[in-house]
Amino acid sequence: MAFSWIDEQDRARREAGLVRVLRPRPAVSPLLDLASNDYLGLARHPEVVEGAVRAARTWGGGATGSRLVTGTTALHTELERELAEFCGFEAALVLSSGYAANLAAVTALAPHGSLVVSDAGNHASLIDGCRLARGTTQVVGHADPDAVRKALATHDGPAVAVSDTVFSVDGDAAPLTALAGACREHGAGLVVDDAHGLGVLGDGGRGAPQGAGLAGRDDVVVTVTLSKSLGAQGGAVLGPARVVDHLVNAARTFIFDTGLAPAAAGAALAALRLLGREPERAARARAVAAELHARLTAAGLDAVRPDAAVVSVRAPSPEEAVRWAADCRAAGLSVGCFRPPSVPDGISRLRLTARGDLSGDQIERAVRVIGETRP
């Protein structure tokens, strides 16, 4: 029977406690949200919402086509120009998601005969980009510049190292300066995904590459998402103009995908301008993360020290992680639950978002609920 193998995989998932289900949320939830990626609390900010509404009224509900046909509006080019300027790069290219941006960057910059050196802790979108790239991929140890250097030394030809700037599971930061140094020694490019750094790290939230002094370098390419700190949707690739021009001509997830909806572009542009006026939002998100970690650790929980706005708390098993998250939800707190295969080390976790708009009372309440419901 067609698809009969699905039943066997479903049984295996259930036995391992790894079944995932969709859980629609209401427009207004009574839960305290520490699960979303809305790091700066901008998704419902009046200026961001108005940016989306104004764009939809002006340009319509959709982009109407791919970026190379009818899907590029003046709004898209305005967002690209301001995003590049804010992050310190020569050019930017907006795509329909951060996932699409990562696929575009990795596949277009790893042709036949090239080497891609990929961190073992990279996000699934970078991993899939490596799988689709026509170059050869070598996976190296997590956050290990020496391993990157050794891998690059074995290859004679085009090469690129690929890494998250802030890893989404534990919230730890990559050693960007050392990675860039290893790449430069061997004439390789560096592609980094700053999805969890933009809006949180760098000067006023300009991102981890800017904070590491890598913004604007001719051998560094950065991908970002517009759906986390900027509270909208979409993704972008930032880098030298010649790299962006190459992506316009070679990146399949750009060429063959419908352009980002105008409402999302308008919301992202409004959020970017708001962050430019209120740079203290980035520091506040980091301060909330540090406070969450300190309080959780003091309560005897196995929390990982955050480098940005992600705080993870280790759980004994996948089943207990699911039960822990459900108990938190029943107590009025929404938290993320990461289990295999989403965690590269196989250790299940609760994943907390240290949103910059959380109050002291909300932080205290979150820590209390997590402690009271621990397995």
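All values derive from a computational prediction rather than experimental measurement.
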Side-chain donor-acceptor contact under 3.5 Å, Tyr39 with His196: yes
Modelled atom types, side-chain donor and acceptor of Thr64 and Thr70, under 3.5 Å: yes
Whether over 12 other heavy atoms sit under 6.0 Å from Asp156 CG: no
Test item: Thr297 side-chain N/O and Ala294 main-chain N/O as donor-acceptor pair under 3.5 Å: no
N/O donor-acceptor pair under 3.5 Å between Asp119 side chain and Ala143 backbone: yes
Connected via hydrophobic side-chain network under 4.5 Å: Leu274 and Leu269: yes
Test item: Arg365 and Leu333 side chains (from C-beta on) under 4.5 Å apart, heavy atoms: no
Residues Leu152, Glu185; criterion side-chain contact (heavy atoms from CB on, under 4.5 Å); working and verdict: CA-CA 9 Å; Leu152 292 173; Glu185 288 175 21; over 6 Å; no
Check: Leu201 and Arg286 side chains under 4.5 Å, non-hydrogen atoms: yes
Heavy-atom closest contact (Ala268 atom, Leu226 atom, distance): CB-CD1, 3.9 Å
CA sep, side-chain torsions, deciding dist, call: Trp324, Val335, side-chain contact (heavy atoms from CB on, under 4.5 Å): CA-CA 9 Å; Trp324 196 358; Val335 297; over 6 Å; no
Under 3.5 Å donor-acceptor, Asp194 side chain and Ala208 backbone: yes
CG on Asp357 to CZ on Arg281, rounded to 0.5 Å: 7.5 Å
Donor + acceptor pair across side chains of Asp327, Thr373 (<3.5 Å): no
Main-chain N/O of Ala315 paired to Arg374 side chain as donor or acceptor, under 3.5 Å: no
Whether Asp164 side chain and Asn122 backbone form a donor-acceptor pair below 3.5 Å: no
Side-chain ion pair, Arg273 and Glu78, N-O less than 4.0 Å: yes
NZ/NE/NH1/NH2 to OD/OE distance under 4.0 Å, Asp38 and Arg44: no
Within-4.5 Å side-chain heavy-atom neighbours: Leu126 and Ser118: no
Other residues, nucleotides, ligands: >12 heavy atoms within 6.0 Å of Arg242 CZ: no
Side chain Trp59, main chain Ala261, donor-acceptor under 3.5 Å: no
pair Pro340-Ser348: side-chain heavy atoms closer than 4.5 Å: yes
Path from Val191 to Val117 over hydrophobic side-chain contacts below 4.5 Å: no
Nearest heavy atoms of Arg14 and Val19, plus distance in Å: CG-CG2, 3.3 Å
Asp146 bridged to Arg149 by N-O distance under 4.0 Å: yes
Atom CD of Glu47 with >12 non-hydrogen neighbours under 6.0 angstrom: yes
Nearest heavy atoms of Ala100 and Ser96, plus distance in Å: CB-OG, 4.1 Å
Thr353 (side chain) donor-acceptor with Arg355 (main chain) under 3.5 angstrom: no
Cluster check Leu32, Leu352: I/L/V/M/F/W/Y, side chain < 4.5 angstrom: yes
CD (Gln233) with more than 12 external heavy atoms under 6.0 Å: no
Heavy-atom side-chain contact between Cys183 and Asp219 under 4.5 Å: no
Atom of Leu75, atom of Gly266 and distance for their closest heavy-atom approach: CD2-N, 3.7 Å
Exam field: side chain Thr107 to backbone Gly129, donor-acceptor pair closer than 3.5 Å: no
Same cluster (ILVMFWY, side-chain, under 4.5 Å), Val224 and Val192: yes
Residues Ser312, Arg351; criterion side-chain hydrogen bond (donor to acceptor under 3.5 Å, both in side chains); working and verdict: CA-CA 4 Å; Ser312 75; Arg351 180 183 181 277; over 6 Å; no
For Phe89 against Ala215, the heavy-atom pair lying closest together: CZ-CA, 3.6 Å
Distance in Å, Asn102 CG paired with Leu132 CG, rounded so as to fall on 0.5 Å steps: 12.0 Å
Linked, directly or transitively: Val237 and Val162 (ILVMFWY side chains, under 4.5 Å): yes
Sidechain-backbone polar pair: His76 side chain, Leu260 backbone, donor-acceptor under 3.5 Å: yes
Derivation of the side-chain contact (heavy atoms from CB on, under 4.5 Å) call for Ser229 and Val200: CA-CA 7 Å; Ser229 287; Val200 178; 3.7 Å; yes
Value rounded to 0.5 Å, distance of OG1 in Thr77 from CZ in Arg67: 8.0 Å
Interatomic spacing from CG in Leu272 to CZ in Arg277 - rounded to 0.5 Å: 10.5 Å
Check ion pair Arg314-Asp170 (N to O, under 4.0 angstrom): yes
Side chain to side chain, Phe338 and Leu350, heavy atoms closer than 4.5 Å: no
Beyond-backbone contact of Gln210 with Cys87, side-chain heavy atoms, under 4.5 angstrom: no
Main-chain N/O of Pro111 paired with Arg134 side-chain donor or acceptor, under 3.5 Å: no
Stepwise salt bridge (charged side-chain N to carboxylate O under 4.0 Å, His left out) test for Asp218 and Arg184: CA-CA 11 Å; Asp218 60 7; Arg184 178 152 285 191; 3.7 Å; yes
Glu15 CD to Glu319 CD distance, which is reported to the nearest 0.5 Å: 11.0 Å
Gln138 side, atom CD; His155 side, atom NE2 - distance, nearest 0.5 Å: 10.5 Å
Non-hydrogen side-chain atoms of Leu358 and Leu34 separated by less than 4.5 Å: yes
Stepwise side-chain contact (heavy atoms from CB on, under 4.5 Å) test for Thr137 and Arg131: CA-CA 8 Å; Thr137 297; Arg131 289 171 175 170; over 6 Å; no
Nearest heavy atoms of Gly60 and Pro262, plus distance in Å: O-CG, 3.9 Å
